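Down below is the structure, laid out as C-alpha coordinates.
Since this is a predicted model, take the numbers as computed values, not measurements. So you know, we letter chains A, B, ... as the sequences are listed, proteins then strands, and number each from 1.
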Amino acid sequence: MNFYEQVYAIVRRIPRGRVTNYGAIARMLENPRAARAVGYALRALDDSDVPWQRVIHSTGEVRAGAGQQTRERQAALLREEGVDVINYRVSMKTYGWDGLTPPEVEAALVEAARG
DNA sequence: ACAGTGACAACAT
DNA sequence: TATGTTGCCACTG
(Lines give C-alpha, C1' and ligand atoms only; values in the text may rest on other atoms or scores of the structure.)
Protein backbone atom coordinates (compact mmCIF):
# COMPACT_ATOMS: atom_id res chain seq x y z
CA MET A 1 0.00 0.00 0.00
CA ASN A 2 1.65 3.21 -1.13
CA PHE A 3 1.33 6.68 0.27
CA TYR A 4 -1.30 7.72 -2.24
CA GLU A 5 -3.61 4.90 -1.26
CA GLN A 6 -3.19 5.78 2.38
CA VAL A 7 -4.19 9.34 1.60
CA TYR A 8 -7.29 8.16 -0.24
CA ALA A 9 -8.23 5.89 2.66
CA ILE A 10 -8.23 8.86 5.00
CA VAL A 11 -10.00 11.23 2.64
CA ARG A 12 -12.81 8.73 2.24
CA ARG A 13 -13.44 9.07 5.97
CA ILE A 14 -14.01 12.81 5.89
CA PRO A 15 -17.70 13.29 6.73
CA ARG A 16 -20.00 14.90 4.21
CA GLY A 17 -20.29 18.63 4.84
CA ARG A 18 -16.93 18.87 6.59
CA VAL A 19 -13.46 19.86 5.42
CA THR A 20 -9.86 19.26 6.43
CA ASN A 21 -6.49 20.26 5.08
CA TYR A 22 -3.47 18.64 3.46
CA GLY A 23 -1.20 18.92 6.47
CA ALA A 24 -3.74 17.34 8.80
CA ILE A 25 -3.92 14.26 6.59
CA ALA A 26 -0.14 14.07 6.47
CA ARG A 27 -0.07 14.15 10.28
CA MET A 28 -2.65 11.39 10.53
CA LEU A 29 -0.37 9.27 8.39
CA GLU A 30 2.49 10.02 10.77
CA ASN A 31 4.32 11.93 8.09
CA PRO A 32 3.74 15.52 9.26
CA ARG A 33 5.93 17.10 6.59
CA ALA A 34 4.27 15.41 3.66
CA ALA A 35 1.54 17.97 3.04
CA ARG A 36 2.76 18.57 -0.49
CA ALA A 37 2.74 14.89 -1.22
CA VAL A 38 -0.88 14.75 -0.08
CA GLY A 39 -1.74 17.40 -2.64
CA TYR A 40 0.16 15.43 -5.23
CA ALA A 41 -1.83 12.31 -4.37
CA LEU A 42 -5.15 14.09 -4.84
CA ARG A 43 -3.97 15.57 -8.10
CA ALA A 44 -3.36 12.05 -9.38
CA LEU A 45 -7.00 11.07 -8.87
CA ASP A 46 -9.09 10.35 -11.92
CA ASP A 47 -12.77 9.78 -11.30
CA SER A 48 -13.36 7.93 -8.10
CA ASP A 49 -15.34 7.84 -4.91
CA VAL A 50 -12.73 9.90 -3.10
CA PRO A 51 -14.29 13.16 -1.87
CA TRP A 52 -11.26 15.24 -2.79
CA GLN A 53 -13.23 18.47 -2.58
CA ARG A 54 -13.20 18.19 1.21
CA VAL A 55 -9.47 18.80 1.34
CA ILE A 56 -8.55 22.48 1.30
CA HIS A 57 -5.75 24.68 2.58
CA SER A 58 -4.89 25.03 6.26
CA THR A 59 -5.95 28.65 5.89
CA GLY A 60 -9.46 27.61 4.93
CA GLU A 61 -8.97 28.75 1.37
CA VAL A 62 -10.03 26.74 -1.68
CA ARG A 63 -7.22 26.83 -4.24
CA ALA A 64 -7.34 23.49 -6.03
CA GLY A 65 -7.65 23.56 -9.77
CA ALA A 66 -5.29 21.13 -11.48
CA GLY A 67 -6.20 19.64 -14.79
CA GLN A 68 -9.93 19.44 -15.42
CA GLN A 69 -10.81 20.34 -11.89
CA THR A 70 -11.18 23.96 -10.96
CA ARG A 71 -11.68 25.69 -7.67
CA GLU A 72 -15.07 26.77 -8.96
CA ARG A 73 -15.94 23.09 -9.30
CA GLN A 74 -14.59 22.35 -5.84
CA ALA A 75 -16.58 25.19 -4.30
CA ALA A 76 -19.71 23.98 -6.07
CA LEU A 77 -19.27 20.43 -4.78
CA LEU A 78 -18.80 21.71 -1.26
CA ARG A 79 -21.90 23.86 -1.44
CA GLU A 80 -23.87 20.85 -2.63
CA GLU A 81 -23.11 19.13 0.65
CA GLY A 82 -23.88 22.15 2.77
CA VAL A 83 -20.55 23.86 3.20
CA ASP A 84 -20.79 27.63 3.06
CA VAL A 85 -18.06 28.77 0.66
CA ILE A 86 -17.67 32.52 0.49
CA ASN A 87 -15.14 34.02 -1.89
CA TYR A 88 -13.32 30.68 -2.02
CA ARG A 89 -12.97 30.55 1.72
CA VAL A 90 -14.45 28.18 4.28
CA SER A 91 -14.71 28.70 8.03
CA MET A 92 -12.52 25.99 9.53
CA LYS A 93 -14.07 26.72 12.89
CA THR A 94 -17.50 25.85 11.56
CA TYR A 95 -16.78 23.12 9.02
CA GLY A 96 -13.37 21.85 10.09
CA TRP A 97 -13.12 18.11 10.73
CA ASP A 98 -11.40 16.87 13.87
CA GLY A 99 -9.78 14.00 12.05
CA LEU A 100 -9.35 10.36 13.00
CA THR A 101 -7.76 9.01 16.14
CA PRO A 102 -4.68 6.81 15.58
CA PRO A 103 -6.71 3.59 16.05
CA GLU A 104 -9.28 4.85 13.55
CA VAL A 105 -6.53 5.67 11.08
CA GLU A 106 -5.16 2.18 11.46
CA ALA A 107 -8.58 0.68 10.91
CA ALA A 108 -9.08 2.77 7.79
CA LEU A 109 -5.76 1.63 6.36
CA VAL A 110 -6.43 -2.01 7.14
CA GLU A 111 -9.82 -1.87 5.52
CA ALA A 112 -8.41 -0.14 2.44
CA ALA A 113 -5.67 -2.73 2.13
CA ARG A 114 -8.21 -5.51 2.42
CA GLY A 115 -10.75 -3.90 0.15
C1' DA B 1 20.57 6.70 -8.77
C1' DC B 2 19.20 11.67 -9.47
C1' DA B 3 17.12 15.88 -10.43
C1' DG B 4 12.67 18.12 -11.37
C1' DT B 5 7.96 18.96 -9.88
C1' DG B 6 3.71 20.34 -7.27
C1' DA B 7 -4.17 20.84 -5.48
C1' DC B 8 1.32 22.52 0.92
C1' DA B 9 2.67 25.05 5.20
C1' DA B 10 5.11 28.09 8.18
C1' DC B 11 7.46 32.19 8.62
C1' DA B 12 9.20 36.72 7.30
C1' DT B 13 8.51 41.05 5.33
C1' DT C 1 -4.02 41.67 4.48
C1' DA C 2 -0.74 40.33 0.77
C1' DT C 3 3.48 38.62 -1.22
C1' DG C 4 7.82 36.27 -1.17
C1' DT C 5 11.01 32.66 0.70
C1' DT C 6 12.22 28.28 2.38
C1' DG C 7 11.72 23.50 3.89
C1' DC C 8 9.44 19.22 2.67
C1' DC C 9 8.33 14.72 0.63
C1' DA C 10 6.53 11.13 -2.66
C1' DC C 11 6.42 10.31 -7.35
C1' DT C 12 8.17 10.39 -12.10
C1' DG C 13 11.15 10.05 -16.11
Side-chain angles (χ1 to χ4, degrees):
Chain A
M1 178 170 220
N2 61 35
F3 186 77
Y4 281 18
E5 292 177 72
Q6 294 182 47
V7 170
Y8 304 151
I10 298 299
V11 174
R12 274 191 271 260
R13 300 303 178 99
I14 305 174
R16 181 180 173 78
R18 308 295 295 284
V19 298
T20 187
N21 60 75
Y22 303 88
I25 291 173
R27 289 193 290 276
M28 283 182 235
L29 294 175
E30 299 183 354
N31 205 333
R33 302 299 170 202
R36 291 190 81 161
V38 172
Y40 209 157
L42 296 185
R43 182 185 184 285
L45 281 173
D46 39 10
D47 64 323
S48 69
D49 58 341
V50 180
W52 58 272
Q53 72 274 17
R54 296 173 193 160
V55 185
I56 64 180
H57 266 251
S58 61
T59 58
E61 195 171 354
V62 176
R63 294 189 196 172
Q68 306 266 322
Q69 304 295 358
T70 65
R71 61 181 194 162
E72 286 82 1
R73 167 85 173 136
Q74 181 166 19
L77 288 172
L78 288 173
R79 291 197 188 92
E80 284 175 24
E81 50 187 63
V83 177
D84 193 18
V85 184
I86 301 175
N87 203 273
Y88 298 106
R89 281 183 306 183
V90 174
S91 168
M92 294 303 283
K93 184 172 177 57
T94 302
Y95 300 102
W97 178 50
D98 285 340
L100 300 174
T101 63
E104 291 172 331
V105 169
E106 179 126 11
L109 297 183
V110 169
E111 183 183 311
R114 188 191 57 197

Scan nucleotides 9-13 of chain B against the protein and return all N/O pairs shorter than 3.5 Å with their distances rounded to 0.1 Å.
residue	atom	partner	partner atom	Å
B:dA9	OP1	A:Y22	N	3.4
B:dA9	OP1	A:G23	N	3.0
B:dA9	OP2	A:H57	ND1	3.1
B:dA9	OP2	A:S58	N	3.1

**Message:** Between A:Q6 and A:N31, is there a side-chain heavy-atom distance shorter than 4.5 Å?
**Reply:** no
**Request:** Sequence neighbours left out, what passes salt bridge (charged side-chain N to carboxylate O under 4.0 Å, His left out) with A:R12? Give chain and number order.
**Result:** A:D49
**Fill in**
All heavy atoms of A:L109 vs all of A:A9, minimum pair found to be CD2-CB, 4.0 Å
**Message:** Suppose we screen for side-chain contact (heavy atoms from CB on, under 4.5 Å). Which residues come up paired with A:A41, at least two apart in sequence or across chains?
**Reply:** A:Y4, A:V7, A:Y8
**Asked** Heavy atom of residues 76-90 of chain A under 4.0 Å from DNA chain B: which residues?
**Response** none
**Over all atoms of both residues, closest heavy-atom pair of A:A26 and A:A34** = CB-C, 3.8 Å
**Message:** Any heavy-atom pair between the side chains of A:R18 and A:R54 that's under 4.5 Å?
**Reply:** no
**Request:** Provide, to the nearest angstrom, the distance between the CD atom belonging to A:E61 and the P atom belonging to B:dC8.
**Result:** 11 Å
**Message:** Are the side chains of A:R71 and A:I56 in contact, using a 4.5 Å heavy-atom criterion?
**Reply:** no
**Prompt:** Distance-only, no hydrogens or angles: does the A:Q53 side chain make a donor-acceptor pair with backbone N or O of A:Q74 under 3.5 Å?
**Reply:** no
**Message:** Does anything in residues 94-103 of chain A form a side-chain hydrogen bond (donor to acceptor under 3.5 Å, both in side chains)? List the pairs, not counting sequence neighbours.
**Reply:** A:S91-A:T94, A:T101-A:E104
**Prompt:** Is the backbone N or O of A:G23 less than 3.5 Å from a side-chain atom of A:N21, with the two atoms forming a donor-acceptor pair by type?
**Reply:** yes
**Prompt:** Taking any atom under 4.0 angstrom from a heavy atom of chain A, which nucleotides of DNA chain C are the first and last to qualify, 5' to 3'?
**Reply:** C:dG7 to C:dC11
